[in-house]
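Right, one structure below, let's go through it.
Note: hydrogens, waters and symmetry copies are ignored here, and every other heavy atom, side chains too, is used. Position 1 is the first residue of the sequence; numbering continues from there. First listed ligand is number 1; within each ligand, the first listed atom is number 1.
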Amino acid sequence: MSDTQAIPTEIKRICCIGAGYVGGPTMAMIAHKCPQIDVTVVDINPQRIAQWNSDELPIYEPGLDEIVKEARGRNLSFSTNVDQGIDQAEMVFISVNTPTKTFGVGAGRAANLEYVEKCARQIARVSTGHKIVVEKSTLPVRTAEAVKRILSSGETKASFQVLSNPEFLAEGTAIDDLLAPDRVLIGGECANAIESLVNIYANWVPRERLLTTNLWSSELSKLTANAFLAQRVSSINAISALCEATEADVDEVARAIGTDSRIGPKFLKSSVGFGGSCFQKDILNLVYLCEYFGLPEVANYWEQVVAMNDYQKRRFVTRILRTMFNTVSDKKIGIWGFAFKKDTNDTRESAAIYVCRDLLLEKARLDIYDPKVPQDQIKRDLMWALTDQGAMSSEQAQAAIEENVRFADGCLPSATDAHAIAVLTEWDEFADVDFQAVHQVMKKPAFVFDGRNVLKDMDLRQLGFDYYGIGF
Ligand SMILES: NC(=O)C1=CN([C@@H]2O[C@H](COP(=O)(O)OP(=O)(O)OC[C@H]3O[C@@H](n4cnc5c(N)ncnc54)[C@H](O)[C@@H]3O)[C@@H](O)[C@H]2O)C=CC1
Ligand SMILES: O=C(O)[C@H]1O[C@H](OP(=O)(O)OP(=O)(O)OC[C@H]2O[C@@H](n3ccc(=O)[nH]c3=O)[C@H](O)[C@@H]2O)[C@H](O)[C@@H](O)[C@@H]1O
């Protein structure tokens, strides 16, 4: 597909298509660590690009502002001119969204590869000379085959090499993860192309952490990594239900098993359920792939990880209902945290969306406080959740939100006159709250349902609260 001799191993100009949670921070880090490389991040969303060029970046991520401001204007730029970005680059990263398909074959499971395909077609149309195309988005195994075919069907004389370089950063710790990754994975077929990407990361990542594989192993490793991580959370959440029935304590169980070096301590924190844009999407994609390749037993095995997560979210609401005398109708519940984890403003697939939806369907009144998530985002999420699968019409959902959702600017206002508090994100500031004051302003009995076990050591029962955590 290309004359591999002609591929330079020292890259000077990079373009990244997609200025999202991955494209933005990843390219900012490359620009920060490699001042000799010009990095342009392009996106079809003009608002997002304007935000990247402003003082208010579109995503909240500790440490990101400093890195962007240091490199922007020097060797990092953000633009809506996708054609020009591609044209001027020797290496083009595809970092666009790959959401779960909502229509047609594979709806609800398969990844929607429409945006990736459009990028490949645009690269094929615009390019001249040699380009290395890097899959940064999370993709089903064998996608590179389709990308290669599209690239080689272009009418220009350009030639291409395709690499897979999945991203393993987690939101909230993206900068630390990019600065010191456990590993960087690069899959490819052409040694020169692989070396050119290895050389970029080698500017700050130790060589022994730069893993190279064939294309398909690299693509499949990304889905597998997320499936294994999510599976750990679902496994400990499954045990949390058993702990609640037996007076065992899930945090003690997690510590006891996590000290076994074969198991390890990470990703054993029981919670109201995992969220985020990727775990569910990637496991469902893995399930779909297994079915596609005729492996129903394997598909069923992984599907249970998502089923257990749905159960955990439902179980949390059921516990609230049962504890509060089987009704929350017209009762105010203070919701603390809406993001899918702390230190991010991202709400995609947040457990809070589903918990709040179920409470609203029970006619509870919610007063939501999240330090980083904008109110409009929360309203959009609830609107979607209430109308999804016909639970409510748009008009009913709109009315329910107007009537029963309020926003507080802190924990105390959110708790004022509330019958209960539900902690749905583990923001550090929740542990600094004056709980004596919170108890005073709440209705009695004052219920606290801690979906993250972050208030466990605060002696809330001593202060008079009816306190319930997860898994004890
Ligand atoms: N969010 C995360 O923490 C992680 C995400 N990933 C993967 O990275 C990929 C991107 O994820 P995010 O950055 O979270 O998505 P995102 O939704 O935040 O950003 C994607 C961006 O691509 C842009 N885009 C879509 N089609 C385009 C086109 N044809 N031309 C130009 N721009 C286009 C969109 O406007 C959007 O701004 C996904 O495959 C995801 O699974 C991987 C690791 C971590
Ligand atoms: O592909 C992706 O998008 C990314 O998905 C996850 O990162 P992320 O979703 O940003 O955040 P995580 O820290 O993994 O948390 C995911 C969810 O699991 C929950 N979780 C995590 C760990 C735990 O022990 N318990 C638990 O409930 C979190 O609260 C959160 O809701 C992976 O950790 C990243 O390696 C991967 O790159």
Could you tell me which atoms of ligand 2, counted from 1 in the order shown, lie closer than 4.0 angstrom to a heavy atom of [X]?
{"X": "Leu229", "value": "32 (C), 33 (O)"}
{"X": "Ala170", "value": "7 (O), 10 (O), 11 (O), 33 (O)"}
{"X": "Glu167", "value": "37 (O)"}
{"X": "Leu268", "value": "24 (O)"}

Heavy-atom neighbours of Lys69 NZ exceed 12 at 6.0 Å: yes

Full working for salt bridge (Lys or Arg N to Asp or Glu O under 4.0 Å) between Asp343 and Lys372: CA-CA 8 Å; Asp343 290 339; Lys372 289 291 173 202; over 6 Å; no

Between [Y] and [X], do the side chains contain a donor N or O and an acceptor N or O under 3.5 Å apart?
{"X": "Glu244", "Y": "Tyr468", "result": "no"}
{"X": "Asp381", "Y": "Gln377", "result": "yes"}
{"X": "Asn237", "Y": "Tyr311", "result": "no"}
{"X": "Tyr21", "Y": "Glu167", "result": "no"}
{"X": "Asn165", "Y": "Lys136", "result": "yes"}

Among all protein heavy atoms, pick the one closest to [atom] and tell me residue, atom and distance.
{"atom": "atom 42 (C) of ligand 1", "answer": "Thr138 OG1, 3.6 Å"}
{"atom": "atom 27 (O) of ligand 2", "answer": "Ser271 OG, 2.6 Å"}
{"atom": "atom 29 (N) of ligand 1", "answer": "Cys119 SG, 3.8 Å"}
{"atom": "atom 1 (N) of ligand 1", "answer": "Glu171 OE2, 2.9 Å"}
{"atom": "atom 4 (C) of ligand 2", "answer": "Leu169 O, 3.6 Å"}
{"atom": "atom 24 (N) of ligand 1", "answer": "Val96 CG1, 3.6 Å"}
{"atom": "atom 9 (O) of ligand 2", "answer": "Phe340 CE1, 3.5 Å"}
{"atom": "atom 6 (N) of ligand 1", "answer": "Val22 CG2, 3.4 Å"}
{"atom": "atom 3 (O) of ligand 2", "answer": "Cys278 SG, 2.7 Å"}
{"atom": "atom 16 (P) of ligand 1", "answer": "Arg48 NH1, 3.6 Å"}
{"atom": "atom 25 (C) of ligand 1", "answer": "Asn97 OD1, 3.3 Å"}
{"atom": "atom 5 (O) of ligand 2", "answer": "Phe279 CE1, 3.6 Å"}
{"atom": "atom 39 (O) of ligand 1", "answer": "Thr98 OG1, 2.6 Å"}

Which residue from [options] reaches closest to [atom] through any of its heavy atoms?
{"atom": "atom 37 (O) of ligand 1", "options": "Leu169, Asp43, Val42", "value": "Asp43"}
{"atom": "atom 41 (O) of ligand 1", "options": "Lys281, Gln122, Gln47, Glu117", "value": "Lys281"}
{"atom": "atom 28 (C) of ligand 2", "options": "Arg452, Lys222, Lys269", "value": "Arg452"}
{"atom": "atom 17 (C) of ligand 2", "options": "Gly276, Gly273, Gly275, Ser234", "value": "Gly275"}
{"atom": "atom 12 (P) of ligand 2", "options": "Arg348, Lys341, Gln280", "value": "Lys341"}

With only distance considered, is [X] within less than 3.5 Å of ligand 2 through an N or O on each side?
{"X": "Glu171", "value": "yes"}
{"X": "Phe168", "value": "yes"}
{"X": "Glu426", "value": "no"}

So if I count the atoms of ligand 1 from 1 in the order they appear, which ones are less than 4.0 Å from some heavy atom of [X]?
{"X": "Ser95", "value": "10 (C), 20 (C)"}
{"X": "Tyr21", "value": "1 (N), 12 (P), 13 (O), 14 (O), 18 (O)"}
{"X": "Ile17", "value": "30 (N), 31 (C), 32 (N)"}
{"X": "Ser277", "value": "1 (N)"}

Evaluation steps, side-chain hydrogen bond (donor to acceptor under 3.5 Å, both in side chains), between Glu70 and His32: CA-CA 7 Å; Glu70 184 259 343; His32 172 65; 2.7 Å; yes

Do any N/O atoms on [X] end up under 3.5 angstrom from N/O atoms on ligand 1?
{"X": "Lys136", "answer": "no"}
{"X": "Asp282", "answer": "no"}
{"X": "Arg348", "answer": "yes"}
{"X": "Lys222", "answer": "no"}
{"X": "Ala170", "answer": "no"}

Arg72 NZ/CZ over Phe78 ring centroid, <6.0 Å and within 45° of normal: no

May I ask you to check if Lys148 and Phe160 form a cation-pi contact, with NZ or CZ under 6.0 angstrom from the six-membered ring centre and within 45° of the axis? no

Say you draw a straight line from [atom1] of [X] to [atom2] of [Y]; how long is it, rounded to the nearest 0.5 Å?
{"X": "Arg315", "Y": "Met308", "atom1": "CZ", "atom2": "CE", "answer": "9.0 Å"}
{"X": "Gln231", "Y": "Asn226", "atom1": "CD", "atom2": "CG", "answer": "12.5 Å"}
{"X": "Phe449", "Y": "Ile320", "atom1": "CZ", "atom2": "CD1", "answer": "5.5 Å"}

Partner of Ile94 under side-chain contact (heavy atoms from CB on, under 4.5 Å), chosen from Leu139, Val134, Val133, Val162: Val133

Between Trp302 and Phe228, is the ring centre distance below 6.0 Å? yes

Would Phe430 and Trp336 count as a close aromatic pair, with their ring centres under 6.0 Å? yes

The test is salt bridge (Lys or Arg N to Asp or Glu O under 4.0 Å); show your working for Asp38 and Lys12 and say whether it passes. CA-CA 6 Å; Asp38 256 353; Lys12 295 196 181 63; over 6 Å; no

